[in-house]
Protein chains: 4
Amino acid sequence: MTVATTEPPAAAGRRRAPRGSARRSIVAAATELFARRGYEATSVQDIVAAAEVTKGALYHWFGSKSELLTSIYRELLAEQTQRLREIADGAGPVEERLRAAALDVVEHTAEHADELTVWARSAHLLDDEQAEATRRERRRYHDLFRDLVREGQASGVVRTDLSATVITHAFLSALGNTHTWFHPDGPLTFAEVGHQLVALFLGGLRPPGPEPVAPHPAEPGRRPAGSDAQRCGPSPASKNP
Amino acid sequence: MTVATTEPPAAAGRRRAPRGSARRSIVAAATELFARRGYEATSVQDIVAAAEVTKGALYHWFGSKSELLTSIYRELLAEQTQRLREIADGAGPVEERLRAAALDVVEHTAEHADELTVWARSAHLLDDEQAEATRRERRRYHDLFRDLVREGQASGVVRTDLSATVITHAFLSALGNTHTWFHPDGPLTFAEVGHQLVALFLGGLRPPGPEPVAPHPAEPGRRPAGSDAQRCGPSPASKNP
Amino acid sequence: MTVATTEPPAAAGRRRAPRGSARRSIVAAATELFARRGYEATSVQDIVAAAEVTKGALYHWFGSKSELLTSIYRELLAEQTQRLREIADGAGPVEERLRAAALDVVEHTAEHADELTVWARSAHLLDDEQAEATRRERRRYHDLFRDLVREGQASGVVRTDLSATVITHAFLSALGNTHTWFHPDGPLTFAEVGHQLVALFLGGLRPPGPEPVAPHPAEPGRRPAGSDAQRCGPSPASKNP
Amino acid sequence: MTVATTEPPAAAGRRRAPRGSARRSIVAAATELFARRGYEATSVQDIVAAAEVTKGALYHWFGSKSELLTSIYRELLAEQTQRLREIADGAGPVEERLRAAALDVVEHTAEHADELTVWARSAHLLDDEQAEATRRERRRYHDLFRDLVREGQASGVVRTDLSATVITHAFLSALGNTHTWFHPDGPLTFAEVGHQLVALFLGGLRPPGPEPVAPHPAEPGRRPAGSDAQRCGPSPASKNP
DNA sequence: GATGAATGAGCATTCATTCAT
DNA sequence: AATGAATGAATGCTCATTCAT
């Protein structure tokens with residue numbers, strides 16, 4: 001869960017700042033600057049100046065600028081995974097847990113819109129090793145959500161003619177892309193937008209009944225849940241998260 | 001519609017390549033390199049080397065590296081807008097036009113996945129002027145799609161408790177984000193994924209009947225279409241497209 | 001022969017320095033600084049300051065600091081190879097050409113002691129590609145000298161119980177290492193030292209007669225010239241020149 | 001002779017590794033890393049990681065990174081000097097002791113090729129004080145060898161027209177440079193190469209008889225041994241060893 | 001004896017852009 | 001219409017060494 005944190009031993013030196021405080025200053029400054037100016041537009045110099053530490057200190061804690069970005073994102077992801085796990089493991093009917101999960105994604109996205117935007121824009125700059133590390137964790141999160149969808153399919157509340165993987169990606173993508181169009185000054189609050197997305201998503205999950213929107217002959221027929229997309233993630237060689 | 005193209009008329013130089021050919025070489029090389037290595041990782045030097053022209057020539061045709069990126073995207077966008085316009089203006093019931101439009105987006109996204117990925121990743125690097133220019137065109141495209149959704153709402157085939165704007169963004173986002181997770185070696189082809197997304201989307205549009213997924217009390221109630229999000233784009237100061 | 005030189009078109013601009021002059025300034029400054037302070041202790045900043053050009057100009061002409069070092073050495077090597085080739089191809093008995101060649105190495109070493117010292121100390125820092133390039137040229141030089149030794153062996157003036165390759169390396173090494181011990185303020189001039197080395201070397205080449213220094217039983221016996229060390233150079237993977 | 005070693009006496013810590021073991025780990029790790037990657041390419045961090053000690057421990061035992069290098073070399077040199085002294089002081093005719101000494105250098109060079117290569121490449125990076133310290137010891141070694149040559153000259157088995165100093169440097173240089181060209185996969189073993197070098201060297205020492213290689217008029221005439229190069233080392237200001 | 005976080009000056013290198021020709 | 005040498009400010013990063021604990 002923790003991502004290379006350092007425990008500050010409470011006691012501060014005389015002239016020195018307390019132990020581990022440098023790391024926290026760096027993360028705080030970087031988070032703020034990345035969100036405000038973007039990852040590429042923020043130089044390491046900017047970060048250390050804002051954090052009031054030296055470059056050496058930054059490179060003592062982080063191997064590179066991109067590791068810093070990765071570190072911030074992984075902490076976010078760990079938190080979000082934890083929340084989702086609690087919801088998924090909770091009691092109650094699957095449709096309620098599904099709705100709760102969707103609403104939780106909305107809430108988390110709203111809370112950390114800035115950091116998530118930075119990640120979406122700059123994750124492709126990471127080297128293979130870092131990309132792989134986050135991909136694995138992201139995958140775990142995705143699987144958690146997908147399993148909930150599958151549970152819904154198994155209990156008949158979610159249509160089974162669509163891949164649970166595709167459903168999951170679609171919802172998370174729609175949510176994760178709001179930064180490209182949502183604006184706080186618009187007529188809807190983020191919470192409202194989120195609820196609408198949830199409604200749209202849950203509506204799309206209902207097993208198709210007598211359809212108001214005419215079916216298309218080219219529509220691929222039902223697929224048993226077993227034929228689900230197991231490998232719909234990027235290949236290991238890919239840099240996509 | 002045309003984006004600063006130069007028509008190479010019959011008149012060719014004697015030993016030189018035909019007029020305007022330099023521009024085309026540059027665009028071709030840049031498109032290929034941006035797609036393969038990313039915008040930031042492609043230097044102007046790389047482009048001119050691949051296009052077999054000099055730096056001077058590139059700066060003769062394009063004011064900057066970013067103008068080149070913008071130029072490529074605008075051409076794509078113009079083509080897609082044209083296609084959507086023809087579908088939207090076509091005959092037939094609205095639900096069929098809506099379906100056709102959705103399928104067309106899938107097809108276009110598949111065809112130009114590389115360029116669209118580059119754009120998604122690097123659009124935020126552009127300066128305000130260029131961002132504004134593409135934003136206007138992108139807005140026009142978005143409105144075209146949204147109007148189709150509204151038409152559906154007006155004729156009763158699309159639920160009216162959701163903002164047409166949100167619906168439109170959700171679908172285009174889900175499609176536009178496939179590059180972050182779709183992999184050709186997976187069990188589904190891109191066309192299949194596209195069809196599933198369309199089905200999910202169209203399913204979500206059906207007016208809510210007796211719901212398999214329980215409604216949530218916090219769900220915002222019906223909103224008349226007239227209260228739609230007019231300013232759901234980013235603020236002018238933002239660099240978001 | 002030429003190593004990426006640029007022809008200066010004689011004509012100078014008004015405010016600009018003449019074309020290609022930047023490259024020459026850089027080489028001159030680098031040669032001087034490398035010799036005086038060593039390669040590692042000379043920063044690129046030092047070089048451009050001394051050459052009165054910008055860093056950009058340096059990197060326009062040279063891909064890296066090490067390419068600059070390589071470039072200087074290759075020019076030296078090309079010149080020396082040319083001189084040796086003329087001597088080797090000259091008329092006269094082989095023993096005289098051998099002596100002339102040895103003396104020429106002494107002379108060239110004396111002339112370019114500083115540059116050669118820099119090279120000897122820093123060649124191992126080069127990357128594989130550059131090391132390989134110079135190794136090939138160095139090898140050509142070595143072979144030229146060795147062939148002269150072999151010619152001497154064939155005509156009976158040089159002992160054949162020693163590998164021509166080992167003989168060549170031994171002489172060139174003794175010469176090339178003078179920088180570690182020779183000091184101009186010593187009792188011998190460099191020319192005198194050189195002559196003594198030549199005498200020692202040529203003396204060692206005489207076919208062994210009745211020996212003043214007792215032979216050792218472990219001494220490996222005669223080896224036909226044909227068994228000569230064909231692969232006594234470093235492996236391709238090695239960074240040794 | 002001893003170079004700041006610490007004897008680990010019986011008294012070991014309870015849970016800790018025995019006293020002084022840190023020092024030995026450091027020397028072992030540094031020797032291995034310097035040989036494999038070179039002195040400059042090995043960071044202090046690399047050394048402490050390999051030795052499984054902390055930076056503080058390293059700086060407790062060694063004043064600096066270069067002191068570590070010096071330390072390794074001095075130990076080598078002390079051992080070699082000791083061996084040479086025993087040979088030189090041994091019984092038997094001078095020509096046999098000379099031959100034995102030469103063979104011993106070959107053997108020692110072969111045994112410690114890696115460390116000697118590191119030293120040859122990086123000695124010039126040391127500061128004056130350290131350079132001076134090793135120079136003095138190296139000088140003692142050199143003098144020991146040279147005195148053997150002089151003894152040979154005095155007893156008539158070594159030619160007297162060459163400086164004993166030059167002779168000594170030439171032989172040690174040829175040997176000490178083998179790392180730049182010898183490759184174990186070549187047709188000769190290192191021992192064979194060494195024997196050939198000894199043969200070449202001893203051959204060159206024979207008083208010139210009727211010469212197969214014609215003498216050159218420019219050859220400097222005989223020099224009495226008394227005029228020998230006393231100050232053939234580099235000047236005090238120089239960083240050369 | 002040993003720790004390890006912090007230092008800080010210095011490094012080689014990049015690259016979109018300009019402009020005299 | 002095109003050249004290409006030159007710009008110059010900025011970039012991410014290194015690393016031997018120190019010192020409060």
Side-chain angles (χ1 to χ4, degrees), chain A residues 6 9 11-23 40 42-48 53-66 68, chain B residues 6 13 16-17 19-23 40 42-48 53-68, chain C residues 6 9 11 13-23 40 42-48 53-66 68, chain D residues 6 13 16-17 19-20 22-23 40 42-48 53-68:
Chain A
T6 299
R14 238 160 319 168
R15 300 197 300 250
R16 299 270 195 182
R19 282 190 165 242
S21 81
R23 190 183 196 279
E40 298 103 320
T42 302
S43 72
V44 172
Q45 181 54 50
D46 294 338
I47 298 169
V48 300
V53 301
T54 60
K55 270 189 196 171
L58 188 149
Y59 279 93
H60 176 71
W61 288 103
F62 302 94
S64 64
K65 184 188 171 190
S66 63
L68 186 44
Chain B
T6 300
R16 297 283 194 171
R19 283 177 168 249
S21 81
R23 191 183 194 281
E40 297 104 319
T42 303
S43 72
V44 171
Q45 182 54 49
D46 292 338
I47 298 169
V48 300
V53 301
T54 61
K55 275 192 187 159
L58 188 148
Y59 279 91
H60 176 73
W61 289 104
F62 300 94
S64 66
K65 184 188 172 190
S66 61
E67 192 181 310
L68 190 42
Chain C
T6 300
R14 237 161 320 168
R15 301 198 299 249
R16 300 269 193 181
R19 284 190 164 241
S21 79
R23 189 182 198 281
E40 298 102 320
T42 302
S43 72
V44 172
Q45 181 54 49
D46 293 339
I47 298 169
V48 301
V53 300
T54 62
K55 273 189 190 167
L58 187 148
Y59 279 93
H60 176 72
W61 289 104
F62 302 94
S64 65
K65 185 187 171 190
S66 62
L68 186 43
Chain D
T6 298
R16 298 283 197 171
R19 283 179 169 250
R23 189 183 196 280
E40 298 103 319
T42 302
S43 71
V44 171
Q45 180 54 47
D46 293 338
I47 298 169
V48 299
V53 300
T54 61
K55 274 190 188 162
L58 188 147
Y59 279 93
H60 175 73
W61 290 104
F62 300 94
S64 66
K65 183 187 172 189
S66 61
E67 191 180 310
L68 189 42

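In what follows, every chain begins at residue 1, and chains take the letters A, B, ... in the order their sequences are listed.
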Closest non-hydrogen atom pair, Val48(C) against Lys55(C):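 So the two residues come closest at CG1-CA, 3.8 Å.
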Any idea which heavy atoms bring Glu40(C) and Glu40(D) closest together, and the distance?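 Shortest heavy-atom separation between Glu40(C) and Glu40(D) comes out as OE2-OE2, 2.7 Å.
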Short side-chain N/O contact to [N] OP1/OP2 from [X], under 4.0 Å:
X	N	result
Trp61(B)	dA1(F)	no
His60(C)	dA6(F)	no
Tyr59(C)	dT14(E)	no

When rounded to the nearest 0.5 angstrom, what is the spacing between CH2 in Trp61(B) and CD in Glu67(B)?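 So the gap between those two atoms works out to 12.0 Å.
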Whole-Å distance separating the [atom1] atom of [X] from the [atom2] atom of [N]:
X	N	atom1	atom2	answer
Gln45(C)	dC11(E)	CD	C1'	11 Å
Leu68(A)	dC13(F)	CG	P	10 Å
Glu40(C)	dA12(E)	CD	C1'	14 Å
Ile47(A)	dT11(F)	CD1	C1'	12 Å
Phe62(B)	dA2(F)	CZ	C1'	15 Å

Please give the stem ranges for DNA chain F, sorted by first residue number, where a stem is three or more consecutive Watson-Crick or G-U pairs and both donor-acceptor distances are under 3.5 Å.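 If one scans DNA chain F for consecutive Watson-Crick or G-U pairs, the stems found are E:2-21 with F:2-21.
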Could you say whether Val53(B) or Lys65(A) is positioned toward the 5' end of DNA chain F, judged by the nucleotide with the nearest heavy atom to each?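 Comparing both residues, the 5'-ward one is Val53(B).
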Would you indicate what [X] reaches in the nucleic acid, counting non-hydrogen atoms under 4.0 angstrom: base, sugar-phosphate, or nothing?
X	answer
Thr42(A)	sugar-phosphate
Lys55(D)	base
Val44(A)	sugar-phosphate

Considering residues at least two apart in sequence or located in another chain, which fulfil the side chain to side chain donor-acceptor pair (under 3.5 Å) criterion with Ser64(B)?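 Partners of Ser64(B) by the side chain to side chain donor-acceptor pair (under 3.5 Å) criterion, ordered by chain and then number, come out as Ser66(B).
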Which residues pass the side chain to side chain donor-acceptor pair (under 3.5 Å) test with Ser43(D), sequence neighbours left out?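 With neighbours one apart ignored, the set is Asp46(D).
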Whichever of Ser64(B) and Ser64(C) has its nearest DNA chain E nucleotide further upstream toward 5':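 Nearest nucleotide further toward 5': that of Ser64(C).
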Listed nucleotide nearest any side-chain atom of Ser43(B), set dC15(E), dT7(F), dT3(E):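 Shortest atom-to-atom distance from the side chain points to dC15(E).
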Minimum-distance nucleotide to Ala22(B) side chain [options: dA2(F), dT13(E), dT17(E)]: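 Looking only at heavy atoms from C-beta outward on Ala22(B), the closest nucleotide is dA2(F).
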